[in-house]
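Taking it in order: structure first as structure tokens, then the write-up.
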Amino acid sequence: MIVCETEKLIVRHFTLADAEFIVDLLNEESFIRYIADKQVRNIIDAENYLTVGPMASYDKFGFGLNLVMLKGTNTPIGMCGLLKRDELQDPDLGYAFLPSHCGQGYALEAANSVLKNGMKAHFLDLVLAVTLPDNLNSNRLLQRAGFTQNGVVNLYGSENNLYEYKAIKPA
């Protein structure tokens, strides 16, 4: 299912056919350093990750992490979506991209589209985001996407910057 499209990107739900890409993305040094080591080392691990993570989230909440592909070639370059973590009161924006596709505006383009479409489709007034303070690119991306830092939160044993994105109310 396609979640949204931009000028350069297609954002769609993950399927089990995306397992090989998940193995690659989740084993990138930057993913392990700034997000977590999900212990996804092979196709079976990736299929399990997809089943109990994004695909279960689609069923439970109607949203989750999605595959981000380049329009035209359908090349997978990352993931972006809304998550509902038990540790946070509101949904939050999550994203990760292959290093070869960072610094080209794709993450911001995907984040803006996912936010706009997700907030409207799921009637959300507020979306959170968390990132490690030393993840300078992620902190900058969230600010450029319109998030405002609102303190810190301890998640999974690390202090994270906590950001908020509020829906613009019509006057």
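All figures in this text were calculated on a predicted structure; none of them were measured in a lab.
- When every heavy atom of Val23 is checked against every heavy atom of Ala46, the shortest pair comes out as CG2-CB, 3.7 Å.
- Counting heavy atoms from C-beta on, the side chains of Pro99 and Glu28 come closer than 4.5 Å.
- Interatomic distance, CG of Leu50 versus CD1 of Ile22, reported as 5.0 Å (0.5 Å rounding).
- Side-chain atoms of Asn66 come within 3.5 Å of backbone atoms of Gly64 as a donor-acceptor pair (strictly under, hydrogens ignored).
- Listed here is the closest heavy atom pair of Ala96 and Ile35: CB-CD1, 3.8 Å.
- We find the NE2-CD1 distance between His13 and Ile2 to be 11.0 Å, quoted to the nearest 0.5 Å.
- Listed for the Asp18 side chain is a donor-acceptor partner under 3.5 Å among the backbone atoms of Thr15.
- Taking a 6.0 Å sphere around CD of Glu7, one finds it holds 12 or fewer heavy atoms contributed by other residues, nucleotides or ligands.
- Looking only at distances, no side-chain donor or acceptor of Lys120 sits under 3.5 Å from a matching main-chain atom of Leu124.
- Take Asp134 and apply the salt bridge (charged side-chain N to carboxylate O under 4.0 Å, His left out) test, not counting sequence neighbours, and it matches Arg33.
- Of the N and O atoms on the side chains of Ser113 and Asn117, at least one donor lies less than 3.5 Å from an acceptor on the other residue.
- Listed by chain and number, the residues in a salt bridge (charged side-chain N to carboxylate O under 4.0 Å, His left out) with Glu164 are Lys166 (sequence neighbours excluded).
- Using cut-offs of 30° and 60° on the angle between ring planes, the pair Phe63 and His122 is perpendicular.
- Counting heavy atoms from C-beta on, the side chains of Asn112 and Thr6 never come closer than 4.5 Å.
- At least one donor-acceptor pair closer than 3.5 Å links the side chain of Asp45 to the backbone N or O of Arg41.
- Note that the OH atom of Tyr165 and the CG atom of Leu142 stand 12.0 Å from one another [nearest 0.5 Å].
- Between Leu136 and Pro133 the shortest heavy-atom distance is CD2-O, 3.9 Å.
- Criterion: ILVMFWY side-chain heavy atoms under 4.5 Å apart, direct or through other members. Under it, Phe31 and Ile77 are not part of a common hydrophobic cluster.
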Side chain to side chain contact (heavy atoms under 4.5 Å, CB included) between Leu98 and Phe21, worked out: CA-CA 10 Å; Leu98 293 172; Phe21 172 74; 3.6 Å; yes
Side chain to side chain contact (heavy atoms under 4.5 Å, CB included) between Leu67 and Val11, worked out: CA-CA 6 Å; Leu67 181 71; Val11 180; over 6 Å; no
Intermediate values then yes/no, side-chain hydrogen bond (donor to acceptor under 3.5 Å, both in side chains), Asn139 and Tyr163: CA-CA 9 Å; Asn139 282 277; Tyr163 287 88; 2.6 Å; yes
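- Residues Gln89 and Leu126 fail the side-chain proximity criterion, which asks for heavy atoms closer than 4.5 Å.
- Leu65 contributes atom CG, which lies 7.0 Å from atom OH of Tyr58 (distance to the nearest 0.5 angstrom).
- Residues Ile44 and Tyr49 do not share a hydrophobic cluster, defined by chaining ILVMFWY side chains whose heavy atoms lie under 4.5 Å apart.
- Taking each heavy atom of Leu83 and Gly94 in turn, the nearest pair found is CD1-CA, 4.0 Å.
- Residues satisfying the side-chain hydrogen bond (donor to acceptor under 3.5 Å, both in side chains) test with Ser138, not counting sequence neighbours, are Tyr95, Thr131.
- Minimum heavy-atom separation, Asn27 to Ile32: O-CD1, 3.9 Å.
- In summary, the side chains of Asn154 and Asn160 do not present any donor paired with an acceptor at a separation below 3.5 Å, with no hydrogens or angles considered.
- Once rounded to the nearest 0.5 Å, the distance linking CZ of Phe147 with CG of Leu141 reads 9.0 Å.
- Leu155 is not connected to Tyr34 by any chain of hydrophobic side-chain contacts under 4.5 Å among Ile, Leu, Val, Met, Phe, Trp and Tyr, and they are in different clusters.
- Under the 4.5 Å side-chain heavy-atom criterion for grouping Ile, Leu, Val, Met, Phe, Trp and Tyr, Val114 is connected to Phe61 within one hydrophobic cluster.
- Checking side-chain atoms of Gln104 against main-chain N and O of Ser100 turns up a donor-acceptor pair under 3.5 Å.
- For Tyr156 and Glu87, the side-chain atoms include at least one donor-acceptor pair closer than 3.5 Å.
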Stepwise salt bridge (Lys or Arg N to Asp or Glu O under 4.0 Å) check, Arg85 with Asp90: CA-CA 8 Å; Arg85 301 175 206 259; Asp90 295 287; over 6 Å; no
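- In this structure, Leu16 is a member of the same hydrophobic cluster as Leu26, with clusters built from ILVMFWY side-chain heavy atoms closer than 4.5 Å.
- Taking CG of Leu108 as the reference point, atom CZ of Arg140 lies at 11.5 Å (rounded to 0.5 Å).
- Heavy-atom neighbours of Lys71 NZ from other residues, nucleotides or ligands within 6.0 Å: above the threshold of 12.
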Verdict with reasoning, Leu25 to Phe97, per side chain to side chain contact (heavy atoms under 4.5 Å, CB included): CA-CA 7 Å; Leu25 181 64; Phe97 285 77; 5.7 Å; no
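- Looking at heavy atoms from C-beta onward, Cys80 lies in side-chain contact with Leu93 at the 4.5 angstrom threshold.
- Although no hydrogens or angles enter the test, the distance criterion places no donor-acceptor pair under 3.5 Å between the side chain of Lys8 and the main chain of Tyr106.
- Here the closest heavy-atom approach between residue Glu159 and residue Leu132 is recorded as O-CD2, 3.7 Å.
- With a 6.0 Å radius and a threshold of 12 heavy atoms from other residues, nucleotides or ligands, Glu20 has its CD atom at or below the threshold.
- Ile43 has its side chain within reach of Glu47: a pair of non-hydrogen atoms, C-beta onward, lies under 4.5 Å apart.
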Trace of the side chain to side chain contact (heavy atoms under 4.5 Å, CB included) decision for Val130 with Leu88: CA-CA 10 Å; Val130 293; Leu88 297 174; 4.3 Å; yes
